[in-house]
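Worksheet: the structure to be examined is printed underneath.
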Amino acid sequence: MTSFALLVERAYFALAPKRALLFIFLALFIACAGHVLSKAEVSTSSRYFFPEGSVFSQYARGMELLPLSRLIAIEIAFEDGASKERLLREAHRIQEIIPGELATPPKSFLPPASLFPALFPVAFSDEVRESVQKRSDDAWISRTIRKDMQRIAAFTPGEAVLWIREDPLEWRDIFLGKFASWRMLPEGIIQSDSEGCFLKEDAKRALLLFEPTKAFYDADYATALDSAIQHALSTLPKDMQGIYMAAARHTASNTRAIHGDIAWILGFSLLGLVTLYAFFSRSIGAFWLFLTPCVACSISMGLLGFFFPVLSGLALGFGCAVLGISEDYAVHMHFALRSLCPKEEALKALASPLLQGLILNATGFFLLLFSALPAIRQLAALSLTSLTAGFLLALFILPHCPYFDSPKLFEETPRQGFSQSPSLWKIFCFVFFLAMGASLLLHWTRYDVSPRSLGADMEAIMADARHLHEEWFPDTGSVVLVEGKSEEELLTRLSDVERRIQLGNPKAHCVSMADFLPSLAIQRENCGRFARFLEENGRRIQEALRIHSQESGLDPAFFAPFLSFLESVPKTVTLQDLETIGLHDVRSRLIRFFPRENVYCGILMARDVESLPNLPEGALFYDARKMEEALQGIFYEESRFVPYALCLSFCLLLIFLRSLSRTLLAALPALLGVFFVLLFFLVMEMPITLASLSAFPLLIGLALDHGIMVVHSFASGYTLHISRAMVLSSLTACTGMGLLAFSRHPALAHMGWVLLIGLLVEIVSSIYLLPLFYSKKVAIRLSNDKMR
Amino acid sequence: MRALPLSLGLIFFLLFSGISFGEEAKALWMDFARLNRDTRSLCAQFSQEKRFSFLEKAIVSQGQFSFEKKEKGQYALLWEYAPPVSSGFYFDEETLWIISEGNPRFRKAGHEEKSAFSKIVKTILPWMTADEKSLSQSYSIRAQASPRTFVCTARKSSPFVQMTFSYDDTGLLRTLSFEEENGDSTVLTFRNVVKNGKFVQTLLTGERLP
């Protein structure tokens with residue numbers, strides 16, 4: 001530590017003649033950081049608070065494919081009474097208000113007719129062959145050709161005619177029947193004339209279904225959609241009410257909350273900083289103090305953008321609050337240099353405690369780098385870089401800034417009359433009982449690891465979702481999320497999962513992409529089967545078709561596509577082929593490729609599953625309750641950071657201070673802070689969440705910083721205006737991080753409460769409580785000597 | 001079957017709608033409207049010629065239709081194809097019946113069929129109510145005096161890119177044709193058109209309407 005102090009002193013003298021160059025270099029560095037930050041992509045998704053790891057990542061990916069994630073459901077209902085005409089009128093009016101560029105009526109799941117020849121052979125399983133055989137006999141051909149003739153003669157436009165040409169014998173119903181029969185809505189729901197509009201039989205409620213036009217995690221789209229729907233619902237008459245459910249609603253709420261929180265926290269933090277600096281500093285140095293956190297945060301956010309391709313909005317939101325701690329060192333440096341102590345002496349005296357403070361501060365953040373939550377890791381990286389930047393600025397840049405160390409304050413007053421070591425037994429007992437108390441409080445405090453604690457407005461969103469589920473989608477069945485490193489692997493696994501479910505549940509009804517586009521291996525088998533079928537039956541079917549067409553008065557040339565299909569050679573089809581031949585919509589509903597994770601994800605929907613089978617690797621049942629249980633496990637793992645932070649900090653303190661009593665004393669503000677935070681949470685019946693748990697290591701690091709400054713002050717015998725500096729730095733930390741407590745976003749708010757309560761307690765204890773543990777031994781000895 | 005109401009809807013808009021665009025067209029329309037102002041019912045026999053872009057010969061069928069305006073905006077409509085097609089539909093106020101071969105010949109339409117039919121009706125309601133503003137938004141219409149013909153080109157996406165109808169000096173409909181985007185076309189030629197007669201009560205094969 002002494003060598004570090006000397007290094008700082010030497011650096012000061014070395015850089016003094018090169019100030020201009022120093023500032024130019026700093027300005028360039030800030031410009032580069034700003035450029036990197038401007039290119040960074042920001043996401044407001046709560047997914048960044050989902051731990052990384054196979055299960056959670058798979059859940060997050062699967063959520064995008066869930067059928068209900070791909071729908072926007074709006075319910076309008078009468079509060080009292082019912083009128084079918086009014087309900088329909090309002091429903092149609094709402095449909096008209098929602099802009100088509102934001103949401104469209106749900107599209108039909110059926111592929112275009114021209115794809116029939118390509119898709120049918122690859123899905124030609126044994127089961128399909130049996131059904132097709134029945135639809136190839138003479139009676140069937142005669143009946144359907146006659147029906148086709150009636151449809152054509154009676155005027156059937158567009159797609160319907162194409163289907164009659166491509167598949168006059170209605171073979172498509174056999175393999176598309178699985179999808180056509182998969183209905184999201186239960187029996188007893190009436191479909192109105194308007195597409196995507198459904199009524200309850202009692203005509204009290206109507207449901208409007210839409211499909212989003214963009215991904216739900218597109219923040220701009222989500223907020224636009226949410227605004228449009230809320231506006232539409234606000235136009236309902238007073239005796240009607242409306243709610244809606246959509247994945248984009250969660251994004252919109254989070255986005256608005258985080259943007260709003262960042263805006264006002266940033267604004268108030270800056271205003272608070274300016275006010276506090278002006279009041280406490282009353283010098284031009286306040287300008288440099290104000291610039292320091294801005295520069296430190298700019299640099300740290302730029303570095304963050306360099307290392308993380310996508311930044312979490314939550315981490316950035318917290319980053320704004322870090323403004324209040326990155327100036328900590330600058331504040332200490334400012335007041336120390338304004339004392340009458342020579343500059344070099346002040347620098348040397350401050351260098352080591354500031355470095356120790358940085359290391360202790362960084363301890364908490366460093367541990368968070370190992371968190372399973374991506375947002376917390378980003379937050380830790382942001383805080384570490386911000387603290388380090390603030391530290392370096394304070395030690396190597398600020399002493400060179402003009403007017404930073406003036407005007408001088410008052411005479412340096414050594415701490416006289418106090419022992420240099422605190423009373424060991426006193427402090428030990430105090431710390432012991434404090435630690436016991438904190439453990440008890442930790443045991444009594446409630447925990448909440450549900451998604452409610454990680455997203456804005458989650459209570460309302462989940463209540464509406466629950467209501468819509470119960471009213472309109474009571475039986476959506478089970479969903480299995482399946483993943484694979486390649487299309488082939490995914491399709492093979494989908495077939496495997498379906499086979500396992502059917503084995504254990506013969507009455508189960510399963511649907512997945514593999515039903516009409518199986519793996520290549522199964523496709524080859526099916527194509528071979530279809531080729532054999534055509535060899536045995538092709539000519540006969542062609543002949544029967546020609547005869548019955550002529551009997552019905554139809555030119556057989558009408559069915560030319562089907563006739564040539566009966567002579568074709570079946571080929572396999574890949575997922576890429578589906579894109580090329582125009583089935584992008586169908587494919588994107590059931591399968592998606594995630595390029596960042598390099599994984600293909602698909603879903604299988606199953607109904608009437610009574611017993612869950614063992615699933616192969618890469619497949620898991622989507623179950624929100626199980627996800628919450630897994631999050632509980634993650635919570636307990638994350639909670640280990642608190643004792644780790646305390647232990648590591650304690651060891652570092654012991655190394656720095658080389659005295660057990662001083663170490664315990666320096667740790668006291670941190671322990672008190674943790675104790676009172678837990679007490680606050682218990683009294684206010686607030687649960688500890690993943691977000692608030694992540695704030696504890698931060699609090700410990702910050703509180704230790706002040707503890708060590710006080711202990712050093714007593715050890716050196718010089719105040720260096722530490723009290724004033726600590727009050728200022730704590731108040732600025734409160735205006736920065738403490739304001740998070742009043743955020744709209746629950747994750748930020750929980751972290752804010754931990755830091756606000758903790759910081760207030762630690763500053764009071766650092767300034768007023770710690771000195772009480774030092775006895776006035778020197779004063780008594782001096783007076784005894786005089787008496788002798 | 002979904003297409004049946006579509007073609008019928010065209011009859012509605014042609015008979016009971018108002019159009020706004022161009023002075024000449026307006027004058028011709030006003031003339032047509034004047035000739036049909038007192039029309040309460042209409043029935044006729046028709047011959048339908050359907051041409052597909054991929055077939056040399058047209059598919060020809062025969063049939064009859066009957067329309068009656070009722071109180072409070074309600075209506076009744078019968079559209080029937082003669083054997084060998086033997087299909088059609090009958091709509092009376094809230095109920096839609098599908099006519100098909102076999103026994104019974106009438107069955108109530110399901111939701112999808114009714115939905116398809118209602119869509120067509122919704123599309124042509126502006127014509128029925130002579131909503132000039134909606135009409136001019138949906139179609140650009142060109143008129144010619146001799147023979148009296150209106151050519152309607154859809155402005156928005158529609159199953160038919162163009163519809164043409166002609167009428168005689170007494171305002172009775174003579175022909176109706178429409179073209180689809182893919183080049184298919186249908187031409188209806190009407191004969192024995194009766195205005196303000198009784199609504200037809202039986203099918204061409206003799207069965208009574210439900």
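In what follows, chains are A, B, ... by sequence order, proteins preceding strands, each numbered from 1. Being a predicted model, the structure only gives us computed values, none of them experimental.
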Item to check | Heavy atoms of other groups near A:Arg539 CZ, more than 12 under 6.0 Å | outcome: no
Checklist entry - Can you tell me if CD on B:Glu56 sees more than 12 non-hydrogen neighbours from other groups inside 6.0 Å? => result no
Checklist entry - Roughly how far, to the nearest 0.5 Å, is NZ of B:Lys50 from CD1 of A:Ile152? => result 8.0 Å
Checklist entry - How many angstroms lie between atom CD of A:Gln150 and atom OG of B:Ser61, to the nearest 0.5 angstrom? => result 11.0 Å
Checklist entry - NZ of A:Lys214: more than 12 outside heavy atoms within 6.0 angstrom? => result no
Checklist entry - Is the NZ or CZ atom of A:Arg165 positioned over B:Phe52's six-membered ring, under 6.0 angstrom from the centre and within 45° of the axis? => result no
